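Just below is one structure, and these are the notes that go with it.
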Amino acid sequence: MVYTDTRDKTVKADFRTAVLNGMNAQTGGLYVPTSFPKLDKNYLFKIPEPSFREIAFEMAKPYVEGEIPDSDLEAIIQDAYPFMPQIVPIDPVTYVLELFHGPTCAFKDFGARFMARVMSYFNRNENDNLHILVATSGDTGSAVGSAFHNVSGIDVTILYPDGKISPLQEKQLSTFDGNVRALKVKGTFDDCQKLVKTAFTDVELRNKFRLSSANSINISRLLPQSFYYMYSSLVVHNRIPHDSKIENPSIIAVVPSGNFGNLTSGLIAAEMGAPIAGFVAATNANHTIPDWIETGDYNTRPSVATLSNAMDVGAPSNYERISFMYSLEQVRKMFASYWTDDKGTLEAVRLCNEKTGYIIDPHGAVAWKAWYDMRNGGMEKLVNGDKGDISKPGMTANVPSWGQEVIHKNAVGIILETAHPAKFGATVQNAIGRTPSMPDRLEKVMHLEDRAIPMEKDYESFKAWLA
Ligand SMILES: *Cc1c(COP(=O)(O)O)cnc(C)c1O
């Protein structure tokens, strides 16, 4: 596959370059595949549908062609995914796609674990280890640390602000041994980020170490997230005739979004032939993208803190990819868009539980609320010409091409549940009066020995430690 750059279409890069660079330092742009090959319909729509790992293999193949042979790709996928996404029906037209069955109980495991193994593969013939630096304000660090733990040829250093992340998050990233180390920095998240950025521009240091980053803009984190869209839409497509009496419904993916990496992965799956008719971009009070869809103006802003904190992003990095791949008019036909505030999020956790018995986390709740409001008059109002008010929680005024299907009760929703509710126990407790039970793997982490190394926030101390 040839990859190009969102800021310069003349750029041509291979997969290895796109993965190891992360972004194109010359242009500041992001790597995008030059095509999204469609998978054979006879293969996708066979009964029963292909397994998750089979789909992962078939979808990944064109993007690594000529660089990773089939047998190695198969090994990467087997090793990355000892777990699966689960699809849970919660009412006749709503399925929850649980993406939290990986080691850190969040959907980022799907992207990070694939990326880690691909990086290790590309580094296999080098004498020196690749050294990954990550600054984290919470969840990214644990997914990346866990994904790279014991992966050969790679060392990882995670920097986090001491005392500024939740006790569970801290345990999840400070208890690794071996090739993954955590530094608790006496400072803020911005101080951590500054240390990492300074290290990347330090020529002396870079001559000593092969440094790389592992953030969410990396194409090798984005591509694997498309696997679960394909898999879940095929499963839902095949089981709808048994679950409800709806003929040939439109399948809508409802995505709780921050940096919009997850949603971009959904677009890739749809391009490759997933039976998905459209998307709902659901955000919290950080509604930069809904505002863009509503007004046509893209204005980034400082992020505001919310209950769905992994979505607190004021300048979503994948806007750059979405607007490279599609015009605003195309986006308006594909996406419905919605935002809610903390009050709406708490209400959604409560209402979802009351209506369906399902306990949803505050991120998934934002998506559930979008789907619920849409079906209960929200879409109908828009079709009848209501312009809404985007400064208040709710839907943007565009009616996507599939909007009528919702009104005529001919659409089913797949709600992406991006984290286990036990990771946000206090919020869930607040909404429904009880805390969700902890999965074993989270419970165990709480009892592991803390190995974080205290670190000053000045660069010289950090550099001396690295050396
Ligand atoms: C990262 C994250 C999101 C946001 O995903 P994006 O790809 O940044 O849009 C949503 N929910 C959870 C739990 C996350 O960790």
Side-chain angles (χ1 to χ4, degrees), residues 30 85 96-115 134 136-147 165-166 168-169 172-173 214-229 253-269 279-290 292 300 303 306-322 335 337-340 345 348-349 360-370 415-425 427-428 436 442:
L30 307 184
V96 172
L97 173 58
E98 294 182 346
L99 299 171
F100 55 67
H101 295 281
T104 73
C105 296
F107 90 101
K108 288 185 175 73
D109 288 333
F110 282 94
R113 290 180 66 85
F114 185 81
M115 171 174 67
V134 225
T136 183
S137 56
D139 265 9
T140 310
S142 58
V144 168
S146 159
I165 68 177
S166 79
L168 177 60
Q169 282 176 327
Q172 275 197 301
L173 53 80
N215 53 30
S216 64
I217 50 145
N218 198 299
I219 192 71
S220 67
R221 270 180 75 169
L222 211 61
L223 292 172
Q225 292 173 175
S226 65
F227 307 159
Y228 52 70
Y229 282 90
V254 192
V255 191
S257 295
N259 263 319
F260 279 75
N262 201 1
L263 203 143
T264 306
S265 303
L267 298 170
I268 294 173
F279 295 86
V280 181
T283 76
N284 59 29
N286 297 279
H287 46 94
T288 305
I289 293 277
W292 169 57
T300 63
S303 63
T306 75
L307 293 174
S308 47
N309 53 36
M311 291 154 51
D312 294 349
V313 181
S317 48
N318 281 289
Y319 162 77
E320 178 138 352
R321 282 200 177 97
I322 295 172
F335 292 23
S337 167
Y338 178 94
W339 75 274
T340 191
T345 303
V349 176
I360 203 157
D361 98 291
H363 301 80
V366 169
W368 182 85
K369 183 81 156 51
I415 311 294
L416 278 74
E417 170 60 322
T418 47
H420 194 287
K423 292 183 90 170
F424 302 92
T427 302
V428 173
L442 279 188

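Start at 1 and go down the list; that is how both ligands and their atoms are numbered. Being a predicted model, the structure only gives us computed values, none of them experimental. Computed from heavy atoms alone, side chains included, the values below leave out hydrogens, waters and symmetry copies.
Defined by atom type and a distance below 3.5 Å, a donor-acceptor pair is present between the side-chain atoms of N318 and R321.
In terms of protein heavy-atom proximity, atom 1 (C) of ligand 1 is closest to K108 NZ, 1.4 Å. Of the protein's non-hydrogen atoms, G258 N, 3.7 Å is the one closest to atom 4 (C) of ligand 1. Looking only at protein heavy atoms, the nearest one to atom 8 (O) of ligand 1 is N259 N, 2.8 Å.
Of all non-hydrogen atoms in S142 and T104, the two that sit nearest each other are O-CG2, 3.5 Å. Taking every heavy atom of both residues into account, N286 and G314 meet most closely at OD1-N, 4.4 Å.
Between H287 and W339, the ring planes lie parallel to each other; the angle is under 30°, not in the 30° to 60° tilted range.
For ligand 1, none of its N or O atoms has an N or O atom of S257 under 3.5 Å away. Ligand 1 has no nitrogen or oxygen under 3.5 angstrom from a nitrogen or oxygen of H363. Note: an N/O pair closer than 3.5 Å links G261 and ligand 1 by distance alone. Here's the thing with T418: one of its N/O atoms is less than 3.5 angstrom from an N/O atom of ligand 1. In terms of N/O distances under 3.5 Å, ligand 1 is not approached by A310.
The backbone N or O of G141 sits less than 3.5 Å from a side-chain atom of T136, completing a donor-acceptor pair.
For the side-chain hydrogen bond (donor to acceptor under 3.5 Å, both in side chains) test, residues two or more places apart in sequence or in another chain that qualify with T306 are N284, S308, D312. For F424, the ring-ring contact (aromatic ring centres under 6.0 Å, His included) partners are H363, not counting sequence neighbours.
Near N262, the atoms of ligand 1 lying under 4.0 angstrom from a non-hydrogen atom of the residue are 7 (O). Set against the non-hydrogen atoms of A419, the atoms of ligand 1 under 4.0 Å away are 13 (C). Remark: ligand 1 atoms within the under-4.0 Å shell around heavy atoms of F107 are 1 (C), 2 (C), 3 (C), 5 (O), 7 (O), 14 (C).
Residues Y228 and F110 bring their aromatic ring centres within 6.0 Å.
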